[in-house]
Amino acid sequence: MSKIAVVPGSFDPVTLGHLDVIRRAAGVFDEVHVLVVHNPGKNAMLPLSERVGLIKKSLEEDPDIPDNILVASWSVGLLVDYCTEVGASVLVKGIRSQIDVAYETPMVLMNRSLAGVETVFMLPDPAHAHVSSTLVRQVASLGGDVSPYVPPAVARFLDKKRPA
Ligand code: PNS
């Protein structure tokens, strides 16, 4: 039976750190679902559909990305409900620091308790350790160059949104 993993996140927007984790997950699991999830604790910059579109475009344009990846969104219900629906038993989360471990730990235990879904932590390349969607949004909104931190499709998109 093929092992399906879900890489969930807000992806507002997707960064090079996210792509690194997605690529690593796709090397370990048979099938990877990148799932754009509404985070009730955050005010999103981009609508879910736009975030999905940017991830798809970024994956299409990256020659190092394998083809066992699909992109979807989930806005109603629990993350583990999506896992049950598609037969995924594992979540993959990218970890940059101990702060991420502390943030993720209660969710790992809750998702395991709710539905027996396990979580695997993956460490992205340390070159991306300081990169987060939050800082990318901030740098972009203040007129800075985000191209070192995001896939080209996202850099182009944010550049177009920049006030003239
Ligand atoms: O990129 P983020 O914002 O850190 O991702 C967090 C996310 C979306 C994975 C998290 O908010 C989440 O799991 N949301 C789904 C809601 C849910 O199922 N909650 C109960 C179990 S923790």
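Counting convention: from 1, in listed order, for ligands and their atoms alike.
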Is [Y] close to [X] at the side-chain level, that is, under 4.5 Å between some pair of heavy atoms?
X	Y	value
E50	M45	no
S133	H18	yes
V14	V150	no
S10	R51	yes

Next on the checklist: K56 vs E61, test: side chain to side chain contact (heavy atoms under 4.5 Å, CB included). Steps then yes/no.
Outcome noted: CA-CA 9 Å; K56 285 185 176 167; E61 290 180 357; over 6 Å; no
Which atoms of ligand 1 are found less than 4.0 Å from any heavy atom of [X]?
X	value
M110	21 (C)
M107	10 (C), 22 (S)
G9	1 (O), 5 (O)
N111	21 (C), 22 (S)
K42	2 (P), 3 (O), 4 (O)

Measure the distance from [atom] to every protein heavy atom, then report the residue, atom name and distance (to 0.1 Å) of the closest one.
atom	value
atom 19 (N) of ligand 1	L78 CD2, 4.1 Å
atom 6 (C) of ligand 1	N39 ND2, 3.7 Å
atom 15 (C) of ligand 1	V37 CG1, 3.7 Å
atom 18 (O) of ligand 1	L79 N, 2.9 Å

Checklist entry - For L91, which of L35, L79, V120 qualifies under side chain to side chain contact (heavy atoms under 4.5 Å, CB included)? => result L79
Next on the checklist: Here's a test for you: under side chain to side chain contact (heavy atoms under 4.5 Å, CB included), which of L54, V7, L59 qualifies with V71?
Outcome noted: L59
Item to check | 4.0 Å heavy-atom contact, Y103 with ligand 1 | outcome: yes
Checklist entry - Should I69 and Y82 be regarded as members of a common hydrophobic cluster, given that ILVMFWY residues are connected when their side-chain heavy atoms come within less than 4.5 Å of each other, either directly or indirectly? => result no
Checklist entry - Any nitrogen or oxygen of S10, main chain or side chain, under 3.5 Å from a nitrogen or oxygen of ligand 1? => result yes
